[in-house]
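Both backbone and side-chain heavy atoms feed into the values below; hydrogens, waters and symmetry mates do not. As the structure is a prediction and not an experimental result, all values here were calculated from the model.
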Amino acid sequence: MALSTQAVPALRRTQRRSTGISDASRAMLISTASRIGTILLVIFLLGILPLLSGRDIAATVFRSRYAEGEMTPAALEAIRQELGLDGGPVGAFFAWLGNAAQGDFGVSWTTRQPVLPTMLEAMGNSLMLMLASLVVAVVLAALLVIPTIRRGLAGRSDRTGGGVAAAFTALPEFLLASVLLVVFAVWLGWFPPFGWRGPAYLVLPALSMGLPAGGFLGRLLSDALASTFSERWVATWQVAGFSRTRVVLAAIRRTLPGVTAPMSLILVGITAGAVVIEQVYAIPGIGRETLAAAQSQDLPTLQAGVILLMLLAVALGIGANLVRRLLLGPALRSSSLPAPVPKAPSSRWALLLPAAMLALLVVVIVAGLPRDPFSLDYARLEGPSLALPLGADASGRDVLARISHGALSTIGLGAIVAAICLAIGLVVGLFPNLGSGPIEVTNAAPPILAGLIVAAVMGPSSFGAAVAVTIVSWAPLAAHTAALVAEVKAQPHVKIAPVLGVGPVRLMLRYILPSVIGPVFRHACLRLPGIALALAALGFLGLGPQPPASDWGLILAEGMPYVERAPLVVLVPALSLIALSIFAVSLSSLSIDLRGGKPRVSRRRKPRRSITDPRTGLVPAARTRTADIPVTTP
């Protein structure tokens with residue numbers, strides 16, 4: 001008691017020093033410089049992309065303009081003079097940068113139309129699609145967090161298994177888009193199949209993008225809400241007689257600041273990563289336009305698209321930071337945020353869901369390992385039989401064998417990329433001001449665009465696809481880490497630690513990192529199926545694993561045209577990805593009791609018996625054994 005009483009004045013002096021205008025200004029300057037520097041670096045790399053890839057810009061532009069024309073040296077030289085490439089790619093880049101600083105983004109090299117009006121119109125279409133997808137995602141997330149809220153109000157702060165949310169998260173967007181298109185547009189005729197001419201054209205694309213995003217957001221909110229309900233103030237409010245509605249609203253307000261940064265990156269990711277959806281539904285969005293510009297090496301259009309996406313990411317990042325500070329209010333400024341109570345160990349029943357998913361994956365993998373995944377011994381799209389349990393694909397290959405042999409590349413490579421992204425996210429997130437620029441700008445780049453750039457430099461391969469997905473997949477984890485670090489630093493026991501002699505390294509490793517690594521690890525598990533799908537999408541576009549590889553996503557993409565004739569060709573890899581997602585999420589949701597250096601899951605605790613006196617109905621002030629009371633004689 002004496003120590004804490006003496007430390008209070010010192011803590012207040014520390015708070016006054018740390019909340020001075022100079023520190024706030026320095027943090028703002030660092031964040032601004034980080035954002036500007038990252039944007040300039042990305043624009044410069046895009047400008048010298050032809051130099052890195054070794055491709056002739058004039059030849060690429062000639063092919064995009066005159067597909068049937070004869071490519072002659074004179075024609076190529078004329079294009080170089082027209083595009084201002086006489087000084088090379090670097091000279092052309094700095095000439096473009098000078099014009100862009102004055103608001104002139106140039107003319108498209110392929111269509112010869114002004115770049116900025118076209119890309120602004122595409123950005124407006126993508127923002128409209130983003131808002132519609134956000135509505136779907138929020139509704140689904142609200143439904144998924146209801147069990148967590150009910151548990152919290154009942155005094156249970158343990159996390160749910162997350163199987164339903166994981167199933168939505170693992171739905172491949174291009175598969176979901178194709179199924180919705182076939183069912184609701186072709187069979188039922190309720191919605192138009194493609195185009196962009198009214199609100200009805202928004203429904204199917206919004207469902208295709210909003211359902212996976214809603215599953216991810218719902219799981220993220222459920223995990224954060226479970227941690228909030230473990231804080232002691234919740235029980236205090238309930239004992240004080242606050243209504244259930246008020247307690248829930250207060251818990252949601254306490255939870256939202258920790259997930260605002262990932263939520264803002266989800267919005268940017270929806271806009272930037274909608275390339276596949278925009279392709280399926282023929283939507284003239286910015287993702288589709290940017291991808292087309294990258295494929296044709298139309299640098300002015302590519303640079304304008306990337307700049308607009310980066311500006312959107314920076315604006316949403318700044319907005320998320322302001323919302324977080326507004327929600328936390330005085331608690332953040334006074335360093336009085338409550339700390340969650342450590343979780344009780346999960347019951348043995350919680351192991352049932354991950355064990356079932358693991359057993360299902362093991363059975364499928366073991367059953368197909370002795371079979372040949374490359375032999376063409378069967379008829380095209382042959383149905384299931386005893387000799388062919390899951391049927392054959394469009395090339396006459398055994399689907400079970402391909403699923404089994406593709407598990408190593410799909411699960412192994414996805415897990416490696418997720419682990420690397422987790423490590424990068426934790427390291428960058430521990431320095432939130434310095435990493436704000438790379439976090440926001442990196443998240444604005446679609447994985448497909450990163451794959452095109454990496455493939456142009458390294459060539460298409462599995463390693464190149466893994467590098468491309470890693471480049472853009474660590475940012476949400478870093479943003480989540482940064483938000484949690486800011487909250488942990490505002491907790492009283494962490495704020496007072498330096499006053500008591502705790503050094504910065506020990507403070508980071510002993511107090512801050514253990515508090516954030518659990519939620520960020522579960523966040524990384526949620527991203528595992530998305531990483532696997534991103535690797536598969538790059539393989540489908542020719543930028544990753546190449547046929548006849550048996551990667552799950554490649555199998556899924558190859559079977560898409562035949563989904564009506566042979567549903568198992570699509571359902572089996574999709575269900576495998578869903579099972580992988582449910583296993584990872586449900587396993588990460590367990591609370592493990594580490595005692596004696598040996599991890600084990602404890603049994604569910606039995607309720608304690610009442611200790612009230614049956615005669616008086618009162619609780620004794622102290623329970624002591626009679627033998628422990630000293631006997632005195634007069």
Side-chain angles (χ1 to χ4, degrees), residues 166-167 170-179 182 276 355-417 460-463 465-466 528-584:
L171 286 174
E173 291 180 350
F174 56 88
L175 172 62
L176 184 59
S178 301
V179 172
V182 170
V276 176
M357 293 298 104
L358 179 61
L360 178 62
L361 290 172
V362 169
V363 167
V364 172
I365 293 172
V366 172
L369 280 179
R371 311 169 74 93
D372 188 353
F374 304 112
S375 63
L376 308 177
D377 298 336
Y378 305 96
R380 295 180 68 251
L381 303 177
E382 183 177 339
S385 62
L386 291 178
L388 201 62
L390 298 180
D393 63 6
S395 300
R397 295 170 297 193
D398 187 352
V399 173
L400 177 59
R402 292 183 61 75
I403 290 293
S404 176
H405 286 264
L408 179 61
S409 61
T410 302
I411 300 177
L413 190 59
I416 291 173
V417 172
S461 64
S462 297
F463 178 74
L528 178 58
I531 288 173
L533 290 175
L535 292 170
L538 293 180
F540 178 68
L541 293 175
L543 305 174
Q546 302 295 303
S550 53
D551 182 84
W552 285 357
L554 196 57
I555 299 172
L556 185 62
E558 291 174 346
M560 284 296 300
Y562 313 100
V563 64
E564 295 185 62
R565 295 174 55 191
L568 284 179
V569 179
V570 173
L571 288 178
V572 173
L575 292 176
S576 299
L577 286 168
I578 292 175
L580 172 64
S581 176
I582 295 176
F583 167 72

message: Restricting to salt bridge (charged side-chain N to carboxylate O under 4.0 Å, His left out), what partner residues turn up for Arg397, sequence neighbours left out?
response: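 Expected list: Asp393, Glu558.
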Which heavy atom in [X] sits nearest to a heavy atom in [Y], and how many Å separate them?
X      : Y      : value
Leu413 : Ala466 : CD1-CB, 3.9 Å
Ala387 : Tyr378 : O-OH, 4.2 Å
Ala407 : Ile365 : CB-CD1, 3.5 Å
Val569 : Ala392 : CG2-O, 3.7 Å

Can you find a heavy atom in the side chain of [X] that is under 4.5 Å from one in the side chain of [Y]?
X      : Y      : value
Leu376 : Ser395 : yes
Pro373 : Asp398 : no
Val399 : Leu568 : no

Roughly how far, to the nearest 0.5 Å, is [atom2] of [Y] from [atom1] of [X]?
X      : Y      : atom1 : atom2 : answer
Leu390 : Arg402 : CG    : CZ    : 13.0 Å
Asp377 : Asp372 : CG    : CG    : 7.0 Å
Ile416 : Ile531 : CD1   : CD1   : 11.5 Å

task: Mark yes when over 12 heavy atoms from residues, nucleotides or ligands other than Phe463 sit less than 6.0 Å from its CZ; otherwise mark no.
output: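 Atom CZ in Phe463 is not packed in, count stays at 12 or less.
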message: For the backbone of Arg371 and the side chain of His405, can you confirm whether one donor and one acceptor N or O come within less than 3.5 Å of each other?
response: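 Indeed, once roles are kept as given, a pair shorter than 3.5 Å links the two residues.
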- request: Check for a donor-acceptor pair, side chain of Ser404 on one end and backbone N or O of Leu400 on the other, with a separation under 3.5 Å.
  value: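 Not at all, since once roles are kept as given, no pair shorter than 3.5 Å links the two residues.
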